[in-house]
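What follows is a single structure, written as structure tokens, with notes after it.
In listed order, ligands and their atoms are each counted from 1. Residue numbers run from 1 in the order of the sequence given.
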Amino acid sequence: MSKLIVVAGITGVQGGSVARTYLNAPGWKVRGVTRNKSSDSAKSWEFKGVEMVEANLDDVTSLKSAFQGADIIFGVTDFWTIFKDPESITKKKPGQDITEYCFEVELQQGKNLADSAASIPALDRYIFSSMANATHWSKGKYRELYHMDSKALAVDYAKSLPGLKEKFSQIQAPIYFNLLWEWSLPTTPVKNLDGTYRIKGIGSGDLPISFGHVAKDFGPCVQAVANAKPNTNLFAVGDEISWNQYLDTWCESQSVLKGGYDEHSLDWWMETLPGLGREFGENVLFSMEFGYDGKDPSVIRPPQLGLKMTTFKEYCAETDFSRILQR
Ligand SMILES: NC(=O)c1ccc[n+]([C@@H]2O[C@H](COP(=O)([O-])OP(=O)(O)OC[C@H]3O[C@@H](n4cnc5c(N)ncnc54)[C@H](OP(=O)(O)O)[C@@H]3O)[C@@H](O)[C@H]2O)c1
């Protein structure tokens, strides 16, 4: 009889990668969780053979129902859906920063996922997409990396639940390669009048930052975590490259000339991109100083599970950048 994986966030980058992996795995059926079964993305998964169900991370009853019969549950929460929701401004406490409000909601969603997973007695593994606890690993230097700490505290909660902690594992996503250029961030290479390309970033141009081809590699990583012993903590990093290496590799792959890297302050990032600027900027600074995974000794890396990850050079070779080259 087939086994069942239930994928929360199937219409997103991480969940989509997990679903693609398990659709190709013999003996597995995939059930996808969405807030809206009528969306084009949900319908496309149904077309591929996924059983789509509606549930909301804010609603434990709906999650418990979605998880019935699961052998594996993959759970991901999305800080940025909450950040972009126009209702979040009206729901937050007076004077509260919007990112702190998103932290509270995302942490509660992580707890809801864990409580719901704990209600499935025959469950074999609950795998949660987490990040490092920045406040803890920076010894209090970075206390407002809300999109990281919310996920790390949800891990602590899941591990505290009797009956779930021995079925629990986590996976940490690195910064997505495509975030560098598809999110219209200042990190997108820009052509100058002299024909060379420059990027803007934060921190040293020569220190490594953790990236990965999450859309492609995350699913196989989750599968490897599912096959490993419980309490696995995989940092699914693909490549560690500096801003200068990013620009070098990208320019070489596109046969264009490199201009250079322009370092901008955290204040500049915060002014340029309110909310997102601090979370992204501090995320990079934390990564440079403390390691993206906080150098948590419990973390393992893909080669330890026999995984081959996509390098940035390989990603550039297989990606169509014409949209930004034509500007
Ligand atoms: N971008 C990066 O570089 C990076 C790096 C590390 C970690 N992360 C983390 O990755 C997470 C986002 O993952 P992603 O990129 O896979 O997301 P994504 O592509 O933006 O998709 C978001 C997913 O979340 C689902 N979702 C959102 N709110 C929901 C709710 N209330 N109930 C049920 N489902 C809900 C959406 O489903 P429906 O719309 O179908 O309901 C969708 O499938 C974020 O928390 C971020 O902090 C990102």
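If you check which protein heavy atom lies closest to atom 15 (O) of ligand 1, you get Tyr176 OH, 2.7 Å. Nearest to atom 21 (O) of ligand 1 among the protein's heavy atoms is Gly12 CA, 3.3 Å. Remark: minimum distance from atom 16 (O) of ligand 1 to any protein heavy atom is reached at Gln14 N, 2.8 Å. The shortest contact between atom 30 (C) of ligand 1 and any protein heavy atom is with Arg35 CD, 3.4 Å. Considering only non-hydrogen protein atoms, atom 23 (C) of ligand 1 sits nearest to Gly9 CA, 4.0 Å.
Glu252 CD: 12 or fewer foreign heavy atoms inside a 6.0 Å radius. When the shell of 6.0 Å around NZ of Lys258 is examined, it contains more than 12 heavy atoms from other residues, nucleotides or ligands. Environment of CZ in Arg198: crowded, with over 12 heavy atoms of neighbouring residues, nucleotides or ligands closer than 6.0 Å. The local environment of NZ in Lys308 is crowded, with over 12 non-hydrogen atoms from other residues, nucleotides or ligands closer than 6.0 Å.
Side-chain atoms of Lys111 do not come within 3.5 Å of backbone N or O of Leu107 as any donor-acceptor pair.
Within the structure, ligand 1 has Gln109 among the residues with a heavy atom less than 4.0 angstrom away. At least one heavy atom of Tyr292 sits less than 4.0 Å from an atom of ligand 1. Ligand 1 lies within reach of Lys151, whose nearest heavy atom is under 4.0 Å from it.
Annotation: ring-ring contact (aromatic ring centres under 6.0 Å, His included) contacts of Phe286 (sequence neighbours excluded): Phe290.
Under 3.5 Å, the side chains of Asp296 and Ser298 contain a donor-acceptor pair of N or O atoms. Between the side chains of Asp206 and Ser204, no donor-acceptor pair of N or O atoms lies under 3.5 Å. In this model, a donor atom of one side chain and an acceptor atom of the other lie less than 3.5 Å apart for Tyr176 and Gln14. If you check the side chains of Glu318 and His213, you find a donor sitting under 3.5 Å from an acceptor. Looking only at atom types and distance, the side chain of Gln108 has a donor-acceptor partner in the side chain of Asn112 under 3.5 Å away.
Contacts between Leu179 and ligand 1, counted as non-hydrogen atom pairs separated by less than 4.0 Å, involve the side chain only. Only the side chain of Glu106 comes within 4.0 Å of ligand 1, judged by heavy-atom distances. Only the backbone of Thr77 comes within 4.0 Å of ligand 1, judged by heavy-atom distances. Under 4.0 angstrom from ligand 1, the non-hydrogen atoms of Leu57 come from both its backbone and its side chain.
Contact between Leu266 and Gly277 at its shortest, heavy atoms only, is CD1-O, 4.3 Å. Across Ser169 and Val225, no two heavy atoms sit closer than the pair CB-CG1, 3.5 Å.
The distance between the ring centers of Phe235 and Tyr292 falls below 6.0 angstrom.
Short contacts between ligand 1 and Pro174, defined as distances under 4.0 Å to a heavy atom of the residue, involve ligand atoms 5 (C), 6 (C). Atoms of ligand 1 lying under 4.0 Å from at least one heavy atom of Thr34, given by number and element, are 38 (P), 40 (O), 41 (O). Shown in contact with Met131 at under 4.0 Å from a heavy atom are these atoms of ligand 1, numbered in order with element: 6 (C), 7 (C). For ligand 1 and His147, the ligand atoms under 4.0 Å from any heavy atom of the residue are 47 (O).
Note: an N/O pair closer than 3.5 Å links Phe79 and ligand 1 by distance alone. The N/O atoms of Asn56, backbone and side chain alike, include one that comes under 3.5 Å of an N/O atom in ligand 1. Among the atoms of Gly15, none of the N or O lies under 3.5 angstrom from an N or O of ligand 1. For a threshold of 3.5 Å applied to N or O pairs, the pair formed by Trp183 and ligand 1 contains no separation below that value. Residue-to-ligand polar distances keep Val33 apart from ligand 1: every N/O pair is separated by 3.5 Å or more. Ligand 1 has no nitrogen or oxygen under 3.5 angstrom from a nitrogen or oxygen of Asn36.
Summarising the contacts of atom 19 (O) of ligand 1 with Ile10, Thr11, Asn178, Val13, the nearest heavy atom is found in Val13. With distances taken over non-hydrogen atoms, the option nearest atom 17 (O) of ligand 1 out of Asp78, Val214, Ile175 is Asp78.
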